Amino acid sequence: VMQLGSGIDLKPTEGSFLGACKYWLQWAMVLLFALFFTFYFVQRVRGTCKWEVLYVSGVAGLINLVTVLFEEYEPLSFSVEGTSGKRSPWLRYMGWCCTCPVLLVHLCNLAGEETFDANRAMMLIIELNLMV
């Protein structure tokens, strides 16, 4: 729900212009992630891309696809409320939990495998999961 300064609620409803925009933008994101996954898959086959990037683009695309296909399905519309009162859809939260540790491993490995410190990477992953 978007709120304008005068208190007008613009909630995307079925049949409205905002609802149509939201619908097509969601499918555009699914298509974009499919293109990313295809690109990174080709790069992985060529040996110029590591598995972490392919994994993250695949998981993110799958989460977007599930969100679009089953948006009204009750378990997917469930939200997690944080201590600050901010709500986050649980599917997005699970996406973060699945992809952020892999991104941290990838970032720790950017300097090269000879300088990769597994203890530091594991501490970062544990701290990330405690934080999220």
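For the numbers below, each heavy atom of this structure counts, side chains included, while hydrogens, waters and symmetry mates do not. Computed from a predicted model, the values in this text were never measured in an experiment.
Relative ring orientation between Trp27 and Tyr23 is described as perpendicular, the plane-to-plane angle rising above 60° on a 0-90° scale split at 30° and 60°.
Closest approach of Ser57 and Phe33 over heavy atoms only: O-CD2, 3.9 Å. Nearest approach of Val102 to Cys98, heavy atoms of both residues: CG2-O, 3.8 Å.
Both Val68 and Trp24 belong to a common hydrophobic cluster when Ile, Leu, Val, Met, Phe, Trp and Tyr are linked at side-chain heavy-atom distances under 4.5 angstrom. Phe36 and Val30 fall into different hydrophobic clusters, where Ile, Leu, Val, Met, Phe, Trp and Tyr residues are linked whenever their side-chain heavy atoms come under 4.5 Å apart, directly or through other members. Side-chain heavy atoms closer than 4.5 Å link hydrophobic residues (I, L, V, M, F, W, Y) into clusters, and following such links, possibly through other members, connects Tyr40 to Phe37. Follow the hydrophobic side-chain contacts under 4.5 Å out from Val59 and you never reach Leu35; the two are in separate clusters. In the hydrophobic cluster analysis, where Ile, Leu, Val, Met, Phe, Trp and Tyr join through side-chain heavy atoms closer than 4.5 angstrom, Val66 is grouped together with Val56.
Distance alone, capped at 3.5 Å, is enough to place a donor-acceptor pair between the Thr48 side chain and the Gln43 backbone. A donor-acceptor pair is defined here as one N or O able to donate and one able to accept, closer than 3.5 Å; no such pair exists between the side chain of Tyr55 and the backbone of Lys50.
Considering CD1 of Ile63 and OG1 of Thr99, their distance stands at 6.5 Å, rounded to 0.5 Å. The line from CG of Leu69 to CG of Leu65 is 4.5 Å long, rounded to the nearest 0.5 Å. Atoms CG and CD, from Leu31 and Gln26 in turn, are 14.0 Å apart once rounded to the nearest 0.5 Å.
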